[in-house]
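Have a look at the structure below before the remarks.
A, B, ... follow the sequence lines: proteins, then strands. Residue 1 opens every chain.
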Protein chains: 2
Amino acid sequence: MTNKKKATIKDIANVLNISPAAVSKALHDDSRISTKTKEAVKKVAKDLNYQPNHLASALRKGKSHLVGVIVPRTNSNFFSSVIQNIEEVLNKEGYNIIITQSNESYKKECNNIDTLLFTQVDGIIASMANETIDLEYYKKVKSKGIPLILFDRGENDLNVDYIGINDYDSSHMIVEHLVKQGCKRIAHIGGYKHTRIFNNRIRGYVDALKKYDLPLDNELLIESSLTIKDGREKMLQLLSLKNRPDAVYVAGDYAALGALQILNEQHINMPKDMALVGFGNEPFTSMVTPTISSINQHSAEIGKLAAKTFLEHAKKATIKQSLNKIILDAELIVRDSSSIIKK
Amino acid sequence: MTNKKKATIKDIANVLNISPAAVSKALHDDSRISTKTKEAVKKVAKDLNYQPNHLASALRKGKSHLVGVIVPRTNSNFFSSVIQNIEEVLNKEGYNIIITQSNESYKKECNNIDTLLFTQVDGIIASMANETIDLEYYKKVKSKGIPLILFDRGENDLNVDYIGINDYDSSHMIVEHLVKQGCKRIAHIGGYKHTRIFNNRIRGYVDALKKYDLPLDNELLIESSLTIKDGREKMLQLLSLKNRPDAVYVAGDYAALGALQILNEQHINMPKDMALVGFGNEPFTSMVTPTISSINQHSAEIGKLAAKTFLEHAKKATIKQSLNKIILDAELIVRDSSSIIKK
DNA sequence: CCTATTTGCTTAAACGTTTAAGCATATTGC
DNA sequence: GCAATATGCTTAAACGTTTAAGCAAATAGG
């Protein structure tokens, strides 16, 4: 039990007086090894508390069976749920994952990529930092010939697989919902335009306004970092307008929360005087008062699909990156902050 | 650039007509290699886009430079902050971390330990699942001779390093605070007694009541799983008492949130009719109405200390587990839910 | 009964790195 | 000028596994 030195294949071989090669094959149920030997090997392996040395086999086979995951942060429900599902799918196939956080910083992201490559991961599943514009570093991954799968952030920016939701349609759903509630002036606190998903949400918002013949007022369309703090500031900005909106669609739940705080502090009635819709369906949206309507991004499915996409690449030796772009339909969860018309 | 095969030390050696050993030493700035050779080697390495094969060096050196981290879940601010700080400290020293989640399940936790050992991690930093009572699996880690550091959950249960906060004193602080606010009947929705930290909070609560000559009523001390749902149920249970409490100290913020929801739904005024204090200082405690008083657990410091403790072990080859038990003082953040007396 | 095939193993090389040991050559101290 | 030391490299083995190639013995096929 308290064997300091770890048992190796060689130790097993010595006990049974057979070659290490035979032991290796026995442990892998090779058809050319007799059942008798296999049983003996497995018994001794157990007795010696043998644990295969992953490093050695990975080195020999040229596969680490590790997959790198890069997310902006793990303490958002969306990302942690995606991660959990990636892990679940990959663990079943004998892969482990290494999770790294970029904290929305491009520099940290580059660092993460380097350490992942250094650790010889077999693939990388990533969602880009807000800051990331330069894609050189991601090209480095591609040039190494290991699969790269993006989710949520990064659609189309590189020519790789992507899993995400339909941001453009989501905006349409939200605007349509607000119009049905009787809103006439709908504002949008959006993310940075250079991030494709946020740009898509903005385009969806603009096009939906046109569709419903609503005013497209430049004052009502604001770019934001989507933090709580910035949500507060941008909400104040909207309230200071001569012609206030009667609804705000915020492209992120944290910023929506900031907006809600301001509205509560100023005793502005939600949803009557101001309807509010967020994006992401973070758990707190149903915890605060009033509860915030939001878009469910199908985090579990995104995680599972990202993992499966990686596995497809891993299985076929040919590294032909056949673009696998999966766009899921999102779902609008209507809560108190935008339920003007009760059923 | 688009070199399919990765460059190795051998390739560099061939270009310069020196031995692979010399290249290896040059890259590690060995004093026995001339500056001229070092420069030449580094230039060629860059030209060939050489990346050291981590697996090979790890195998040879018997160190993977990977550290496993096990947490109940990552989508809590406490754990994700701990992780971020562990990562920061360890990255600087050339270590990478592998994060795994137990989802509070003992079985998953055992699985995590196995995969981490399989991946040849140099150490494990863990916070135990709520479910975990049997410690056999953790003993397995110790018997492998790799450092094991526990934080938050697991103090004293195994004879290993531990970093955490003073739960007993925290309870004292909370009770003292509530007493100062004029509360006379203080209830406690606690965690499972078999988890040491929750037991310490319960002991602190009980002793503090005695100290302030308050009634220690069995009805007022409830064991809970500390989920939102259970927080709701246990709050209802307290409200159904003939002799209601005028304050509730909940051992976890999520359960405190559940309690708050019930109090809001029943239009019970906080803090006047019922003061509420949570534990953990999750971000949402300052987002909900009213904001919830809570205990700040110093997640950043816990993470840093856990990482540093690991590094100490890693540096000294002798694996003498000199118990390094660090208990930090927690901090009570007073918010609206318990501020009866305004300044 | 003889060839062909299958069964059950062994041998040896390989994965990419590190490192102990060794060996010239150059430098230093006296 | 000679021993002692320092400098700058090479050789070869090692880490623990996998796997291609090969070989003897057993079995099958005709």
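- No engagement by B:Leu55 is indicated, since no non-hydrogen atom pair under 4.0 Å with the nucleic acid exists.
- At a threshold of 4.0 angstrom between heavy atoms, the contacts of B:Ser24 include nucleobase atoms, whether or not backbone atoms are also involved.
- Under a 4.0 Å N-O distance rule, the pair B:Glu87/B:Lys92 does not qualify as a salt bridge.
- When heavy atoms are screened at a 4.0 angstrom cut-off, B:Ser19 is found touching base atoms of the nucleic acid.
- For a distance-only test at 3.5 Å, the side chain of A:Lys25 qualifies as a donor-acceptor partner of the base of C:dT10.
- Taking 4.0 Å as the cut-off between side-chain N and carboxylate O, A:Lys6 and A:Asp11 do not count as a salt-bridged pair.
- You'll find that the side chain of A:Ala21 is closest to D:dT19, out of D:dG16, D:dT19, C:dT7.
- Rounded to a whole Å, the CG atom of B:Asn17 is 16 Å from the C1' atom of D:dG8.
- Heavy-atom distances to DNA chain D give each of A:Thr8 and B:Pro20 a nearest nucleotide, and the one nearer the 5′ end belongs to B:Pro20.
- An OP1 or OP2 oxygen of C:dG16 is reached within less than 4.0 angstrom by no side-chain nitrogen or oxygen of B:Ser57.
- Listed candidates were C:dT10, C:dG16, D:dT19. Nearest to the side chain of A:Lys61 is D:dT19.
- Distances shown here put a side-chain N or O of B:His28 below 4.0 Å from the OP1 or OP2 atom of C:dT18.
- Under a 4.0 Å N-O distance rule, the pair A:Glu93/A:Lys315 qualifies as a salt bridge.
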Full working for side-chain hydrogen bond (donor to acceptor under 3.5 Å, both in side chains) between A:Asn324 and A:His313: CA-CA 10 Å; A:Asn324 199 352; A:His313 282 289; 5.8 Å; no

